[in-house]
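Report on the structure given below.
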Amino acid sequence: MQISGSFLTFSLFLAFILISRASSAHNKNDFLECLNLQFQKSNSESDSIYTPQNASYSSVLQSTIRNLRPASNSGQRPFVIITPEHESQIQAAIYCSKKYGIQLKVRSGGHDYEGLSYISQTPFFIVDMRNLRSISIDTEKNTAWVQTGATLGELYYTIAEKSKTLAFTAGVCPTVGVGGHFSGGGYGMMSRKHGIAADHIIDAKLIDANGQIHDRESMGEDLFWAIRGGGGTSFGIVLSFKVKLIVIPETVTVFNVTRTLDQNATQIVHRWQYVAHKINENLLLRLFLRSINSSNGKRTIRASFTSLYLGPVDDLLPIMQEKFPELGLVKEDCTEMPWIESTVFFAGFRGQSLDVLLNRTQVFVYFKGKSDYVKQPIPEYGLKSIWKFLNEEDVYRAELQFSPYGGIIDDISESEIPFPHRSGNIFMIHYIVVWSEEENAYSQRHINWIRRLYSFMARYVSKSPREAYFNYRDLDIGINKIEGNTSYKQASVWGFKYFNNNFRRLVHIKNKVDPTNFFRNEQSIPPVSLW
Ligand code: FDA
């Protein structure tokens, strides 16, 4: 009997698939055995190990998935989730992961825009930091140690329990995790006065690829620099951060004033671009733009000026009158409150008790987000074109957030930490489009819409590189090779956008601390030797 060449090739291919499947199943079983054994050795409970056979597996997996889009698209589910209560369990997980070649992903708050903390193209398991979330505040030294499984809401709440005049500068959404947020930047309502979260990190505890635990001194200044904005995930598992708290007045003022097109929204937004980054740095005038139905049923654009002033209303009004009279702010628009209540206000829970900050329950949505940096004001005709784009989508579905820079952000050098977006930036644009489970069949329509808008915006935003904010992760701007090694050139496509020239230093540090690329994901820094 003659066997054709193509049949032989096909048979070999089939055999290869079957063998790799069998060996991958073997590896998984061996890995699980290894994990159980290591946990026993360190006297840890194995009830912090969840496999798909466990009744709680799905709820543990899903509980912190904020964006359902990445999980619904593609990628595998983790075959194990561990929720360590002690750092020795993470060391055990690293040991077994290396031994059996199973990819490790770490998740703190689960808010990654592309789901990189909980999906992957290759078999993987999750180290979920939810049980490592203690926070200790030192009101004499104005510092705090916070474990990375804590949320921003828990941190804000705990600080406010201890002091009325201490606070921290970080993001707005209370369920965001400290682990991803601090290691990737952390912009919030006080950033013009106090910078971003990563600017205030003064120490950290991290487990490296060898399972060694380090503090700032033992990890060295290079690695300590890298995890303050370069994303923790490329360099190790950050257990906790020590941060310098900031001093704030007992009373702050908030307002949310909206203007539609027939109330001169276009002209006011245009003017905002000349004012918001230069105005008194105690004031952060954030701008949210949406297409809505007006009272006469016609589509219009609503510009919401959502703002925080670190001081009383009587100090705020003359500033607004002098620098931004076009908005027409009056005392009745403003509310004075303690800072901690303002965090509830900006999170959209106005009037609710402070306990809402401790609620870790997620609002699940499908969304796609992108970001840009603006260095020159967008002309009025450019804004009108943006309105057309917003009107193409359904009402309320899409939003542009304009977050002003300037203030202290301008005074910090671009290379102080890996977050490079400093002097010269007027504001950051965050584009977002959301949809529900029922609408997910039409997701491509919304994704195409945001990509078209992003492409149109190229003429108005930063160039060479077209900068993007790492914490608004966007795989459209570039991705590592799924298998094999990613070259410096390939990673530069996205790396320079997030980090500008700091990207080179990040690559150098990665090569030094994790040359085998143990900590990796679709957008992690590749360990390449550059010199
Ligand atoms: P998640 O757990 O998904 O981790 C994100 C990345 O960090 C992953 O790659 C993960 O592996 C890695 N990682 C997590 N923990 C780690 C650890 N302990 N050690 C090492 N690596 C770790 N941003 C902003 O600046 N200001 C804002 O106001 C907001 N608001 C906001 C609202 C909402 C609803 C969302 C979904 C997101 C934001 N963000 C934001 C963006 C947010 O800062 C960003 O998504 C963070 O990376 C989220 O961190 P998590 O720990 O929650 O995510």
Side-chain angles (χ1 to χ4, degrees), residues 63-71 78 84 87 90 103-120 124 126-130 132-133 146-154 169-191 195-198 204-209 226-241 284 286 288 306 343 346-348 360 362-369 371 399 401 403 419 421 428 430 432 434 469-475 498 514 519-525:
S63 57
T64 61
I65 294 185
R66 179 62 189 238
N67 185 6
L68 295 170
R69 176 183 57 83
E87 44 207 38
I90 304 179
Q103 191 188 6
L104 179 159
K105 291 226 162 180
V106 54
R107 176 166 82 168
S108 288
H111 280 52
D112 191 278
Y113 272 34
E114 299 281 6
L116 296 196
S117 56
Y118 52 84
I119 57 161
S120 184
F124 75 109
I126 296 179
V127 173
D128 188 309
M129 303 297 282
R130 67 184 62 208
L132 293 173
R133 58 175 206 264
V146 50
Q147 285 189 308
T148 47
T151 61
L152 299 185
E154 289 168 343
T169 173
V172 168
C173 174
T175 49
V176 164
V178 163
H181 188 69
F182 286 21
S183 61
Y187 176 98
M189 294 305 293
M190 298 191 288
S191 285
I196 59 168
K205 278 195 182 158
L206 168 138
I207 306 195
D208 70 13
I227 57 170
R228 287 177 290 157
T233 195
S234 297
F235 304 98
I237 297 185
V238 185
L239 294 169
S240 51
F241 286 112
L284 193 139
R286 213 169 185 185
F288 296 79
T306 305
T343 66
F346 293 118
R360 291 173 74 102
Q362 302 288 333
V363 180
F364 303 111
V365 279
Y366 292 75
F367 71 84
K368 172 72 191 160
S371 65
E399 183 174 80
Q401 296 167 7
S403 296
F419 177 92
H421 317 289
M428 172 178 60
H430 176 222
I432 190 159
V434 299
Y469 177 33
F470 179 70
N471 265 347
Y472 293 151
R473 193 194 297 283
D474 179 6
L475 293 184
Y498 287 141
D514 184 20
F519 291 111
R520 66 186 185 280
N521 67 27
E522 291 75 353
Q523 262 182 358
S524 56
I525 308 286

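In what follows, every heavy atom counts, from backbone to side chain, and hydrogens, waters and symmetry copies are set aside. Counting starts at 1 for both ligands and their atoms, in listed order.
Closest heavy-atom approach to atom 25 (O) of ligand 1 within the set F241, Y469, Y118, F367: this belongs to Y469. Closest heavy-atom approach to atom 40 (C) of ligand 1 among the candidates F346, F182, F235, Y472: Y472. Closest heavy-atom approach to atom 6 (C) of ligand 1 among the candidates D112, N67, L116, V106: D112. Taking only non-hydrogen atoms, the option from L206, L152, N471 nearest to atom 46 (C) of ligand 1 is N471. Closest heavy-atom approach to atom 4 (O) of ligand 1 within the set S117, G179, G188: this belongs to S117.
Within ligand 1, the atoms closer than 4.0 Å to a non-hydrogen atom of G171 are 26 (N), 27 (C), 28 (O), numbered from 1 in the order shown. Atoms of ligand 1 lying under 4.0 Å from any heavy atom of G232, numbered from 1 in the order shown and given with element: 20 (C), 21 (N). Which parts of ligand 1 touch I237 is read off a 4.0 Å heavy-atom cut-off, strictly below it: atoms 19 (N). Near Y113, meaning under 4.0 Å from any of its heavy atoms, are these atoms of ligand 1: 35 (C), 36 (C), 37 (C).
Nearest to atom 15 (N) of ligand 1 among the protein's heavy atoms is S108 OG, 2.7 Å. Protein heavy atom nearest atom 35 (C) of ligand 1, with residue, atom name and distance: H111 CD2, 3.5 Å. The protein heavy atom nearest to atom 20 (C) of ligand 1 is G236 O, 3.4 Å. Counting only heavy atoms of the protein, atom 31 (C) of ligand 1 lies nearest to V176 CG2, 3.7 Å. Among protein heavy atoms, the minimum distance from atom 26 (N) of ligand 1 is reached at Y187 O, 2.8 Å. For atom 52 (O) of ligand 1, the closest heavy atom belonging to the protein is G177 N, 2.8 Å. Annotation: atom 30 (N) of ligand 1 to nearest protein heavy atom, C173 CB, 4.1 Å. For atom 21 (N) of ligand 1, the closest non-hydrogen atom of the protein is T233 N, 3.3 Å.
In plain terms, the two heavy atoms of G186 and S191 that are nearest each other are O-OG, 4.3 Å. Pairing each heavy atom of C173 with each of H111, the nearest pair is SG-NE2, 4.0 Å. Across all their heavy atoms, A197 and A170 have their closest contact at CB-CB, 4.0 Å. Of all heavy-atom pairs spanning G171 and H181, the tightest one is N-NE2, 2.9 Å.
For the pair E87 and K205, the salt-bridge criterion is not met [side-chain N within less than 4.0 Å of a carboxylate O]. In this structure, K368 pairs ionically with D474, as a charged nitrogen and a carboxylate oxygen lie closer than 4.0 Å.
Under a 4.0 angstrom heavy-atom cut-off, G186 registers as being in contact with ligand 1. Put simply, part of R107 is less than 4.0 Å from ligand 1, judged by heavy atoms. In this structure, G231 falls outside the shell of residues with a heavy atom less than 4.0 angstrom from ligand 1. A heavy-atom separation below 4.0 Å is found between R473 and ligand 1. Assignment of G110 to the shell around ligand 1 is supported, since a heavy atom sits closer than 4.0 Å.
Under 3.5 Å, the side chains of R286 and S403 contain a donor-acceptor pair of N or O atoms. Between the side chains of S183 and R228, no donor-acceptor pair is found at a separation under 3.5 Å. Of the N and O atoms on the side chains of R133 and T148, not one donor lies less than 3.5 Å from an acceptor on the other residue.
Atom CZ of residue R107 and atom CG of residue L116 lie 13.0 Å apart, to the nearest 0.5 angstrom. Note that CE of M189 and CZ of F346 are 4.0 Å apart. Values are rounded to the nearest 0.5 Å.
Heavy atoms of N521 found under 4.0 angstrom from ligand 1 belong exclusively to the side chain. With a 4.0 Å cut-off on non-hydrogen atoms, T148 touches ligand 1 through its side chain and not its backbone.
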message: Could you go through R520 and T233, starting from their C-alpha distance and side-chain angles, then the distance that decides it, and tell me whether this counts as side chain to side chain donor-acceptor pair (under 3.5 Å)?
response: CA-CA 7 Å; R520 66 186 185 280; T233 195; over 6 Å; no

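Ring planes of F182 and F241: tilted class, angle from 30 to 60°. Between Y472 and H430, the ring-plane angle classifies as parallel under the 30° and 60° cut-offs.
Ligand 1 has an N or O atom lying under 3.5 Å from an N or O atom of H181, backbone or side chain. Note: an N/O pair closer than 3.5 Å links G109 and ligand 1 by distance alone. Taking any N or O of R66, backbone or side chain, none lies under 3.5 Å from an N or O belonging to ligand 1. At under 3.5 Å, a nitrogen or oxygen of V238, whether backbone or side chain, sits near a nitrogen or oxygen of ligand 1.
A distance below 6.0 Å separates the ring centres of Y113 and F367.
Inter-residue side-chain proximity for I207 and L239 is flagged as met; some heavy-atom pair is nearer than 4.5 Å.
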